[in-house]
Participant: 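Take a look at the following structure, please.
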Amino acid sequence: VLTIGLFGGTFDPFHNGHLALAETIYSQLQLKEIHLIPARQPLLREPPIATPEQRVQMAELVAEDYSWLKVADLEIQRNGPSYTIDTVKTLRQTMPKAALCFIMSADQFVQFDRWHLWGKIPDYVHLIVATRPGYPLILNTSLQTLVEQRQTDQQELLHKQTAGLIFFQAIPPLAISGTTIRAKLEVGEDIQDLVPAKVWEYIYKEELYTK
Ligand code: ATP
């Protein structure tokens, strides 16, 4: 069974926090590859500044340097809000036999029950929740029930079953976010240490995030 990671995000821009998260999960879970899925119109947050095409290009520049990273632009191609349920249904059809691991950080998982048709999402994929040591997960009753029903700490099961499990993976904390990067660029601060080199060049070439 091929085990594939799916990593959705706004990626406005793609930064070293995203890369570190992907690298840790890729190696710890022994995934075959990780598909980056930029959202056209993310829900439950402010709309992105860079265009969908620019955000795909930044992800593609990063993927050039990592053989196991791919970019899936299906949410960009689709009109309207980027519901994860639609994405995982489509990817399940294209990869019927793969174990699919949908990666999200703990700060997203705590509001997972606000996602469109969230209860159906584990029918199509496993959920890999990246936790940071020292940040306890506080879950409401619906999410607690979901975890009780589906959590495993046996990594092998993620490869044997193709969907339906929840697995918590601790990752080293890296204090980087798209918001801080955009704020720094707006006031003319350098962000070279916060993004991959090719993304840094792209941001300056396209004059992104400056007023
Ligand atoms: P913004 O500040 O614009 O919301 P973001 O980088 O937090 O930026 P996304 O691009 O949507 O937001 O992030 C995609 C996923 O990566 C989310 O699950 C997010 O929580 C996670 N993520 C972002 N930054 C980090 C980081 N430094 N460490 C671990 N996970 C991160």
Side-chain angles (χ1 to χ4, degrees), residues 5-29 31 34-63 66 69-73 75-76 81-84 87-88 101-116 118 121 125-139 143 166-187 189 191-196 199-200 202-203 208-210:
L6 307 174
F7 183 22
T10 315
F11 305 140
D12 188 28
F14 190 93
H15 56 64
N16 289 342
H18 299 132
L19 190 56
L21 174 71
E23 280 182 311
T24 303
I25 300 225
Y26 168 72
S27 57
Q28 292 290 323
L29 270 53
L31 302 180
I34 292 185
H35 298 193
L36 301 174
I37 310 174
R40 165 177 286 277
Q41 198 179 316
L43 287 302
L44 308 171
R45 56 161 290 143
E46 298 280 298
I49 306 287
T51 65
E53 292 71 24
Q54 286 173 323
R55 293 181 291 109
V56 168
Q57 277 169 16
M58 288 189 273
E60 279 173 346
L61 286 171
V62 179
Y66 298 86
L69 269 185
K70 315 277 169 201
V71 180
D73 68 352
E75 291 192 355
I76 302 290
S82 302
Y83 293 124
T84 295
T87 304
V88 296
C101 292
F102 188 88
I103 300 162
M104 66 170 87
S105 62
D107 34 302
Q108 282 190 314
F109 187 65
V110 295
Q111 56 162 356
F112 181 65
D113 60 328
R114 293 173 63 198
W115 293 22
H116 185 55
W118 63 279
I121 294 175
V125 291
H126 299 309
L127 300 182
I128 310 301
V129 181
T131 57
R132 303 179 191 196
Y135 292 83
L137 259 190
I138 299 167
L139 301 178
L143 288 174
I166 299 183
F167 185 83
F168 292 92
Q169 172 66 53
I171 56 157
L174 243 193
I176 304 178
S177 73
T179 306
T180 54
I181 291 173
R182 293 190 303 273
K184 280 176 186 278
L185 284 164
E186 224 175 86
V187 298
E189 272 182 54
I191 49 121
Q192 191 158 16
D193 299 344
L194 307 180
V195 294
V199 171
W200 184 74
Y202 184 87
I203 287 174
L208 270 170
Y209 313 115
T210 49

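Just follow the structure's listing: the first ligand is 1, and inside any ligand the first atom is 1.
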Participant: To check your reading of the model: name the closest protein heavy atom to atom 26 (C) of ligand 1, its residue, and the distance in Å.
Facilitator: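 Checking every protein heavy atom, the shortest distance to atom 26 (C) of ligand 1 gives Arg132 NH2, 3.4 Å.
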Participant: Looking at Ile171, which atoms of ligand 1 are within less than 4.0 Å of one of its heavy atoms?
Facilitator: 29 (C)
Participant: So, for His18 and Phe11, is the gap between ring centers shorter than 6.0 Å?
Facilitator: yes
Participant: For Asp107, which part has a heavy atom under 4.0 Å from ligand 1: side chain, backbone, both, or neither?
Facilitator: side chain
Participant: Please determine, by modelled atom types, if Asp12 and Thr10 share a side-chain donor-acceptor pair under 3.5 angstrom.
Facilitator: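 No donor-acceptor contact under 3.5 Å links the two side chains.
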Participant: Looking only at N/O atoms, are Met104 and ligand 1 under 3.5 Å apart anywhere?
Facilitator: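 Met104 vs ligand 1: no N/O contact under 3.5 Å.
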Participant: For Gly17, take its heavy atoms, then give the atoms of ligand 1 lying under 4.0 Å from any of them.
Facilitator: 26 (C), 27 (N)
Participant: Tell me the closest heavy-atom pair linking Val71 and Ala63, and the distance in Å.
Facilitator: CG2-CB, 4.0 Å
Participant: Side chain to side chain donor-acceptor pair (under 3.5 Å) between Glu186 and Tyr209: does it pass, once the steps are laid out?
Facilitator: CA-CA 6 Å; Glu186 224 175 86; Tyr209 313 115; over 6 Å; no
Participant: Is a side-chain donor-acceptor pair under 3.5 Å present for Ser82 with Gln41?
Facilitator: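 Distance-only check fails for Gln41 and Ser82.
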Participant: Among all the protein's non-hydrogen atoms, which is closest to atom 8 (O) of ligand 1, and how far away is it?
Facilitator: Gly178 N, 3.1 Å
Participant: Mind checking the CD-CG spacing from Gln57 to Asp73? Nearest 0.5 Å is all I need.
Facilitator: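 If we round to the nearest 0.5 Å, Gln57:CD and Asp73:CG are 11.0 Å apart.
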Participant: Of all the non-hydrogen atoms in the protein, which one sits nearest to atom 27 (N) of ligand 1, and at what distance?
Facilitator: Leu174 O, 2.7 Å
Participant: Going by the order shown, which atoms of ligand 1 are within less than 4.0 Å of some heavy atom of Thr179?
Facilitator: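 Contacts of ligand 1 toward Thr179, numbered from 1: 1 (P), 2 (O), 3 (O).
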Participant: Should Thr87 and Phe102 be marked as a side-chain contact (heavy atoms from CB on, under 4.5 Å) after you check the CA-CA gap, both sets of side-chain angles, and the distance that decides it?
Facilitator: CA-CA 11 Å; Thr87 304; Phe102 188 88; 6.0 Å; no
Participant: What closest approach, in Å, do Glu75 and Tyr83 show between heavy atoms, and which atom pair accounts for it?
Facilitator: OE2-O, 4.5 Å
Participant: May I ask you to check whether over 12 heavy atoms, not counting those of Leu44, lie within 6.0 Å of atom CG?
Facilitator: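 Yes - once you tally the heavy atoms of other residues, nucleotides and ligands closer than 6.0 Å, there are more than 12.
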Participant: Using a 4.0 Å cutoff against the non-hydrogen atoms of Arg182, which atoms of ligand 1 qualify?
Facilitator: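 Listed by number with element, the hits are 3 (O).
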Participant: Can you tell me how far the OG1 atom of Thr179 sits from the CD atom of Glu46, to the nearest 0.5 Å?
Facilitator: 9.0 Å
Participant: Using a strict cut-off of 4.0 Å, indicate which atoms of ligand 1 neighbour a heavy atom of Ile176.
Facilitator: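 Heavy-atom distances to Ile176 below 4.0 Å select 24 (N), 25 (C), 26 (C), 27 (N).
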Participant: What protein heavy atom sits nearest atom 4 (O) of ligand 1, and how far off is it?
Facilitator: Arg45 NH1, 2.7 Å
Participant: Which atoms of ligand 1 sit under 4.0 Å from any heavy atom of Ser177?
Facilitator: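 Atoms satisfying the 4.0 Å criterion: 2 (O).
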Participant: What atoms of ligand 1 come within less than 4.0 Å of a heavy atom belonging to Gln108?
Facilitator: 17 (C), 18 (O)
Participant: How far is atom 6 (O) of ligand 1 from its nearest protein heavy atom, and which residue and atom name does that atom have?
Facilitator: His15 NE2, 2.7 Å
Participant: Which atom names give the shortest non-hydrogen contact between Pro13 and Gly178, and what distance separates them?
Facilitator: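 Pro13 and Gly178 have their closest heavy atoms at CD-CA, 4.3 Å.
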Participant: Which is closest to atom 19 (C) of ligand 1 by heavy-atom distance: Pro172, Ala39, Ser105?
Facilitator: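 Ranked by closest heavy atom to atom 19 (C) of ligand 1, first place is Ser105.
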Participant: Work out which heavy atom in Cys101 is nearest to a heavy atom in Leu31; give both atom names and the distance.
Facilitator: SG-CD2, 4.2 Å
Participant: For ligand 1, which atoms, with element, lie under 4.0 Å from some heavy atom of Gly9?
Facilitator: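 Counting atoms of ligand 1 from 1, those under 4.0 Å from Gly9 are 11 (O), 14 (C).
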Participant: Indicate yes or no: does an N/O atom of Ala175 lie under 3.5 Å from an N/O atom of ligand 1?
Facilitator: no
Participant: Applying a 4.0 Å heavy-atom criterion (strictly less than), which segment of Phe7 is in contact with ligand 1: side chain, backbone, both, or neither?
Facilitator: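 The answer is the side chain of Phe7.
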Participant: Give me the nearest non-hydrogen protein atom to atom 13 (O) of ligand 1 as residue plus atom name, then the distance to 0.1 Å.
Facilitator: His18 NE2, 3.1 Å
